[in-house]
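In what follows, a single structure is set out as structure tokens and then discussed.
Residue numbers start from 1 in every chain, and the chains themselves are labelled A, B, ... in the order their sequence lines are given, proteins ahead of strands.
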There are 2 protein chains.
Amino acid sequence: MVERAADPLSLVFRALGDPTRREMVRRLSAGERSVGELAEPFRMSLAAASKHVQVLERAGLVRRRVEGRVHRCRLDAERLAEAQRWLAHYERFWGERLDALASLLAEDAPDPADAPPTDPRP
Amino acid sequence: MVERAADPLSLVFRALGDPTRREMVRRLSAGERSVGELAEPFRMSLAAASKHVQVLERAGLVRRRVEGRVHRCRLDAERLAEAQRWLAHYERFWGERLDALASLLAEDAPDPADAPPTDPRP
DNA sequence: TGTATCATCAACCACATGGTTGAACGAGCC
DNA sequence: GGCTCGTTCAACCATGTGGTTGATGATACA
């Protein structure tokens, strides 16, 4: 096994595949948090929480600003948006309502082929 | 380490965190496919592809109908929609345009608190 | 009946992941 | 200087993941 390229979209989806990290994202959506603040609600060591933050950071979901000895994290929603755009291609399968939304989106992000995103094959 | 509850949303995001499986989802969006057909584009054994299909199935993204000796798979988009709804709570972070879409959605799925989804804490 | 076909299962391998503890590092503060 | 605080690092452990090969089980077909 080799070739573990880890494309950005996979990193994002995998990062969101853990409830601890989703909760961190949720709390970051209310504003900046230090690593310690992010760790606080969880019954786990600070080191473990720190690793979760690193996963979010490597996925591009979180940016960090070191300020003295505290690391302040904030949400970077661009990757979240990419994940949502990937999912948006399948909206037509769960209702017309969302479909309308998709075409709204298509206006400012004109999608050449209206086909689902062709994720580069491995 | 125990307690690996594997909540549905985590299963969905983790299932989507692999390009092979995303490509399978993309191909399923064009219609039903047998496991063999799903495996065909990939340079991997049928057994490996079959495991990918099982991951999608356990995540609730795929449903399977056994018909003689072939297993016909089709996309079940409901879980995709759940993932998209989770992401939709963060739309306001990447632009007003999508925000409008979110409020459209809010009409038929009135969100009691307009706060981000509070994923049950571990 | 035999034989090919579609798919899974079982065992295995290498590496990733989520957690721990203890040590280390860098900043602030007395 | 020396202490504390916020955070990471390193080593370790158990389990999950993505792949392989070979055997097995049904089903279709000659």
Output the rounded distance in Å from [atom1] ([X]) to [atom2] ([N]).
X: B:Leu56; N: D:dG18; atom1: CG; atom2: P; result: 10 Å
X: B:Arg14; N: D:dT15; atom1: CZ; atom2: P; result: 16 Å
X: A:His52; N: D:dC9; atom1: NE2; atom2: C1'; result: 17 Å
X: A:Arg21; N: C:dG18; atom1: CZ; atom2: P; result: 4 Å
X: A:Met44; N: C:dG18; atom1: CE; atom2: P; result: 10 Å
X: B:Glu37; N: C:dA7; atom1: CD; atom2: P; result: 8 Å
X: B:Leu38; N: C:dA7; atom1: CG; atom2: C1'; result: 12 Å
X: A:Phe42; N: D:dT7; atom1: CZ; atom2: C1'; result: 17 Å

Once rounded to the nearest 0.5 Å, what's the spacing between atom [atom1] of [X] and atom [atom2] of [Y]?
X: A:Thr20; Y: A:Leu56; atom1: OG1; atom2: CG; answer: 10.0 Å
X: B:Glu23; Y: B:Phe42; atom1: CD; atom2: CZ; answer: 5.0 Å
X: B:Arg14; Y: B:Arg21; atom1: CZ; atom2: CZ; answer: 9.5 Å

For A:Lys51 and B:Val70, take the nucleotide of DNA chain C holding the closest heavy atom to each; which residue's nucleotide lies nearer the 5' end?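 Taking each residue's closest nucleotide, the earlier one in sequence belongs to B:Val70.
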
Look at the side chain of B:His71 and decide which nucleotide, out of D:dG18, C:dG18, C:dA7, has an atom nearest to it.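 Between D:dG18, C:dG18, C:dA7, the one nearest the side chain of B:His71 would be C:dA7.
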
Establish, with yes or no, whether the OP1 or OP2 oxygen of D:dT7 is under 4.0 angstrom from a side-chain nitrogen or oxygen of A:Gln54.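 Negative; the distance criterion is not met.
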
If only side-chain N and O atoms of B:Ser45 are considered, is one of them under 4.0 Å from the OP1 or OP2 phosphate oxygen of D:dT20?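 Yes, B:Ser45 has a side-chain N/O under 4.0 Å of OP1/OP2 on D:dT20.
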
Assuming nearest nucleotide by heavy-atom distance, tell me which of A:Ala47 and A:Arg69 is located more 5' along DNA chain D.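 Final value for this comparison: A:Arg69.
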
Any A:Arg74 side-chain heavy atom under 4.5 Å of A:Val62 side chain: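 Of all side-chain heavy-atom pairs linking A:Val62 with A:Arg74, none is under 4.5 Å.
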
